[in-house]
There are 2 protein chains.
Amino acid sequence: MTTTATPDIRTEPTASVSGAEFKQGTKPAQIMVAAKELFTSQGFGATSMDAIARTANVSKATLYAHFSGKEELFAAIVSHTCRAQSQLLLAPSVDDLDLTDALSEIGRNFLSLILSPQAVAIFRVVIGEAVRFPDLGRIFFDSGPNQMRSSLSAFLAKKAARGQLDIEAPMRAAEHLIGMFQTPVHLHVLFGVKEGVAQGDVDKVVKDAVEAFLRAYLPRA
Amino acid sequence: MTTTATPDIRTEPTASVSGAEFKQGTKPAQIMVAAKELFTSQGFGATSMDAIARTANVSKATLYAHFSGKEELFAAIVSHTCRAQSQLLLAPSVDDLDLTDALSEIGRNFLSLILSPQAVAIFRVVIGEAVRFPDLGRIFFDSGPNQMRSSLSAFLAKKAARGQLDIEAPMRAAEHLIGMFQTPVHLHVLFGVKEGVAQGDVDKVVKDAVEAFLRAYLPRA
DNA sequence: GTCTATAAAGGGATAGAC
DNA sequence: GTCTATCCCTTTATAGAC
């Protein structure tokens, strides 16, 4: 865990951590970017404050001037990523699409979100540290997975009200669709069995899930 | 590193899942129990060899006499839990049950397995350390989640061959059912939002999932 | 605010006696 | 095999100069 005299030092302006509270190029922003990079790629325990300072091109004293400690820095990263994630879930408008196309579009967006290396990495770290940081687990869950449930549920309820779907419990139906999107691919990636998933596979998963969902929830003639 | 180097200090296999297949009372058994307890309750990084030795009522030297290091000990715990888990997934015979009852029974067994505190704890740790222990992630996935997929897929294929279900791709159908079982409850627990799930909730989740599944995959009249 | 240098503590791993 | 005692390195966190 030593030899990394990383040439991987970021000089680019922060794109992933588009900090609303940190101005780009400032030391806090550099620290946030470096910390997120390391926490997500190595986990909480294996990431040292030393490495963060080095990666951020900052001294440890500066690091501690902005964050009171490792745990607070971790909390800041997760909390920040939550907000970014929430925004990504603001679904693009699919109201003017055919039902099948709308659900497929939602599925592709959902999967491309949760399968992205960033999301997978955060998922892993937050789940892994859920025991030590219970609040963080709840916050992340509410701003991420749970938000998807709610918005999809609302969408399905709307379609049901129009008679396009036969749904008694929209939330449960949303869970069913999400489950069928997720299960064929998500655990593979979480456990590191596969690095990523080909877009072709994603499309097939979405197609199969939507078809099964519609067989289950389309009004019978 | 090699994760396959599990020391075979097994002497007298027992049926016990929680304790060990190590002869009860031996030092290795004490160590395994203590290590599993600590790894699963605090995570890999936060667990020290010192604490393991103390909990096991053993000196550190003894600990290192049986396991070459922290990583190997962790690998041994996960590997051991895999075997125990595999056995739990050997489904009880549901062949003489009505299709709905069989699927419901499978669902309840599945959920009670993956929602057990033990399984949740191991899930968390393995996912959290999947980056540092890639082999372990794959091994655990194969012996756990993937095995469930395979056996359920085989079951569904058999029913489809008898004309009781209309399924083109049994593996995909199995994933759909598993996803509908899992999604409403699993992430809550993984992220620590809920401590556990009431049996009544589990029953309702299973009931809803089976009904939706049958609407999707029952042959149309 | 930021750096260099260092203190203070804890953790993994081992030596040597029994 | 097991224990006591210890080494040595890493890590977190801070002190003091600029």
Side-chain angles (χ1 to χ4, degrees), chain A residues 1-6 9-11 19 21-35 37-39 41-77 125 129 132-133, chain B residues 1-3 5 7-12 20 22-39 41-77 125 128-129 132-133:
Chain A
M1 200 56 65
T2 49
T3 59
T4 53
T6 59
I9 294 173
R10 302 298 169 97
T11 55
E21 49 196 307
F22 298 101
K23 290 176 183 172
Q24 312 237 339
T26 63
K27 304 281 182 182
Q30 294 174 33
I31 294 171
M32 292 280 284
V33 172
E37 167 69 24
L38 292 176
F39 278 139
S41 69
Q42 305 184 348
F44 178 81
T47 299
S48 71
M49 295 295 262
D50 232 327
I52 294 173
R54 218 180 314 125
T55 304
N57 278 327
V58 158
S59 75
K60 284 210 294 181
T62 299
L63 202 168
Y64 279 96
H66 291 281
F67 301 91
S68 73
K70 188 179 178 182
E71 303 200 342
E72 183 185 304
L73 179 52
F74 180 68
I77 301 292
V125 180
E129 301 297 330
R132 282 151 51 84
F133 301 88
Chain B
M1 64 162 278
T2 55
T3 55
D8 193 357
I9 47 183
R10 180 166 27 154
T11 55
E12 195 170 341
F22 301 95
K23 191 175 176 184
Q24 302 263 338
T26 63
K27 305 283 181 182
Q30 294 175 31
I31 294 171
M32 291 282 284
V33 173
K36 180 170 183 176
E37 167 67 25
L38 291 175
F39 278 139
S41 70
Q42 305 184 350
F44 178 82
T47 299
S48 71
M49 294 295 264
D50 233 326
I52 294 173
R54 216 179 315 124
T55 305
N57 280 325
V58 158
S59 76
K60 284 210 293 182
T62 300
L63 203 168
Y64 279 96
H66 291 283
F67 302 91
S68 73
K70 187 177 178 183
E71 304 199 341
E72 184 186 303
L73 179 52
F74 179 67
I77 301 292
V125 181
E129 301 296 331
R132 284 151 49 85
F133 301 88

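Throughout, a chain's letter reflects where its sequence line sits, starting with A, and its residues are numbered from 1.
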Length of the line joining B/Asn57:CG and D/dG1:P, which is rounded to integer Å: 19 Å

note: B/Phe39, atom CZ; C/dG11, atom P; distance rounded to Å ~ 13 Å

Spacing of B/Ile31 atom CD1 relative to D/dT2 atom P, expressed in whole Å: 8 Å

Any residue meeting ring-ring contact (aromatic ring centres under 6.0 Å, His included) with B/Tyr64, in chain and number order, not counting sequence neighbours: none

Could I get the full list of side-chain hydrogen bond (donor to acceptor under 3.5 Å, both in side chains) partners for A/Ser59, not counting sequence neighbours? A/Thr62

If you look only at distance, which donor and acceptor atoms sit under 3.5 Å apart when one is on a side chain in residues 45-52 of chain B and the other is two or more places apart or in another chain?
| from | atom 1 | to | atom 2 | distance (Å) |
| --- | --- | --- | --- | --- |
| B/Thr47 | OG1 | B/Leu38 | O | 3.2 |
| B/Thr47 | OG1 | B/Gly43 | O | 2.6 |
| B/Ser48 | OG | B/Ala51 | N | 3.0 |

Can you give one letter per nucleotide of nucleotides 13-18 of chain D, going 5' to 3': B for a protein heavy atom under 4.0 Å from the base, S for sugar-phosphate only, - for none? BBB---

Can you name the side-chain hydrogen bond (donor to acceptor under 3.5 Å, both in side chains) partners of A/Glu72, sequence neighbours left out? A/Ser68

Answer yes or no: does a side-chain N or O of A/Ser59 lie under 4.0 Å from OP1 or OP2 of C/dT2? no

Whole-Å gap separating C1' (C/dC3) and NZ (A/Lys27): 9 Å

With sequence neighbours excluded, tell me which residues meet side-chain contact (heavy atoms from CB on, under 4.5 Å) with B/Glu37. B/Ser41

Whole-Å gap separating C1' (D/dT11) and CD1 (A/Ile52): 12 Å

Taken to the nearest whole Å, CZ/B/Phe67 to P/D/dT2 is 11 Å

Does NZ or CZ of A/Lys70 fall inside the cone over A/Phe39's six-membered ring, less than 6.0 Å from its centre and within 45° of the axis? no

A/His66 vs C/dT2: side-chain N/O to OP1/OP2 distance below 4.0 Å: yes

In whole angstroms, how far is the P atom of D/dG1 from the CG atom of B/Leu63? 14 Å

